[in-house]
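Here is the structure we will look at.
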Amino acid sequence: MWDDDDVTLLTVPGWGDSGDTHWHGYWEKTYPLARRAAQRDWLYPTRDEWVAGLATAVADIPGQLVIAAHSLGCHTTVAWLLQASLLEQRKVKGALLVAPPAIPLTDERARASGELPEGAPLPTFAGFETLPERKLPVPALLVASRDDPFCDFEEARRMAALWGAAFVDGGMAGHMGSHAGLGSWPAGQRLLQRLILG
């Protein structure tokens with residue numbers, strides 16, 4: 001389900017990276033042009049470092065791209081888009097933002113995520129303390145589930161409004177990551193196609 005062979009799919013994982021059963025992994029195997037934004041440290045993120053990692057991934061893509069971000073990767077994507085140059089923005093056909101967590105991330109929610117080994121210190125999530133309140137410079141869709149433990153449904157709707165993103169009800173799917181059982185997530189692929197085709 002890929003109608004433009006010249007568009008690269010850039011996946012932007014959240015905290016802890018995307019595991020083998022994440023829809024990111026399925027999509028990367030399916031699409032002819034797919035890359036994943038890499039980060040030095042998936043467990044102790046700082047916004048500036050993660051934004052720089054995303055910027056490097058975009059710079060390495062010669063043509064147009066579409067971004068599919070999950071969880072904290074959504075906030076990384078938003079932060080990068082709001083400081084990207086006009087030339088960089090023009091490379092991006094759109095951004096699919098799936099299950100962004102509420103900001104700031106509380107210690108309680110972070111500990112409950114299961115991302116950290118037992119007894120490991122919590123990250124500070126430096127730079128992710130506040131929510132940007134500006135419209136994004138590219139078309140965007142924000143997908144949220146009604147039972148995401150990391151973000152209330154109405155808060156996700158508020159984020160979409162702040163960023164000028166179309167809001168999509170993801171139903172009851174938890175945090176919509178590796179444990180959600182979405183597989184290749186056909187509904188998400190259809191949303192991605194909407195962005196690719198404009």
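Numbering starts at 1 and runs along the sequence shown.
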Nearest 0.5 Å, please: how far is [atom2] in [Y] from [atom1] in [X]?
X    : Y   : atom1 : atom2 : result
T11  : E28 : OG1   : CD    : 3.5 Å
T30  : L9  : OG1   : CG    : 9.5 Å
L195 : L65 : CG    : CG    : 11.5 Å
D17  : S71 : CG    : OG    : 11.5 Å
L54  : T76 : CG    : OG1   : 7.0 Å
L96  : H70 : CG    : NE2   : 10.5 Å

Testing the basics here: between [X] and [Y], what is the closest heavy-atom pair and its distance to 0.1 Å?
X    : Y    : answer
L82  : P137 : CD2-CD, 4.3 Å
L81  : A95  : CD1-CB, 4.3 Å
A69  : W23  : O-CH2, 4.2 Å
A99  : D148 : CB-OD2, 3.6 Å
Q39  : E49  : OE1-O, 3.5 Å
T106 : R109 : OG1-N, 3.1 Å

Answer whether the closest heavy-atom distance between the side chains of [X] and [Y] falls below 4.5 Å.
X    : Y    : value
Q189 : Y26  : no
D6   : Q64  : no
P45  : L72  : yes
C74  : M159 : no
V92  : V66  : no
L162 : P132 : no
W185 : V98  : yes
L116 : W15  : yes

- prompt: Are S18 and H24 close enough that a side-chain donor and a side-chain acceptor fall under 3.5 Å?
  reply: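 Judged by distance alone, the side chains do pair up.
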field: Residue pairs passing the ring pair (Phe, Tyr, Trp, His ring centres under 6.0 Å) test where at least one lies in residues 137-156, sequence neighbours excluded
entry: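 As it turns out, the ring pair (Phe, Tyr, Trp, His ring centres under 6.0 Å) pairs with a partner in residues 137-156, which skip direct neighbours, are F150-H175, F153-F167.
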message: For residues 103-123, which residue pairs pass the ring pair (Phe, Tyr, Trp, His ring centres under 6.0 Å) check, not counting sequence neighbours?
response: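 Sorted result for residues 103-123: empty, none.
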Do [X] and [Y] share a hydrophobic cluster (ILVMFWY, side-chain heavy atoms under 4.5 Å, transitive)?
X    : Y    : answer
L10  : V51  : yes
L136 : L141 : no
L182 : L192 : yes
W27  : V12  : no
L142 : L105 : yes

- prompt: Salt bridge or not for E155 and R158, using N-O below 4.0 Å?
  reply: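 Yes, this pair counts.
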When you measure from the side chain of [X] to the backbone N and O of [Y], does any donor-acceptor pair fall under 3.5 Å?
X    : Y    : result
Y31  : V7   : no
E115 : A110 : no
Q193 : L191 : no
S145 : G174 : yes

W163 and H75 aromatic centres sub-6.0 Å: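 W163 vs H75: aromatic centres under 6.0 Å.
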field: Set of ring pair (Phe, Tyr, Trp, His ring centres under 6.0 Å) partners for W80, sequence neighbours left out
entry: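 None.
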message: Counting neighbours of CZ on R90 that are heavy atoms of other residues, nucleotides or ligands and sit closer than 6.0 Å, is the number greater than 12?
response: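 For R90, atom CZ is not crowded (no more than 12 foreign heavy atoms under 6.0 Å).
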query: Does a sphere of radius 6.0 Å around CG in L86 hold more than 12 heavy atoms from other residues, nucleotides or ligands, not counting ones at 6.0 Å or beyond?
result: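 More than 12 heavy atoms, drawn from other residues, nucleotides or ligands, come within 6.0 Å of this atom.
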message: Using the rule given for salt bridge (Lys or Arg N to Asp or Glu O under 4.0 Å), can you reason through E154 versus R157, listing the C-alpha separation, both sets of side-chain angles and the distance that settles it, and then say yes or no?
response: CA-CA 5 Å; E154 289 308 315; R157 193 190 299 275; 3.2 Å; yes
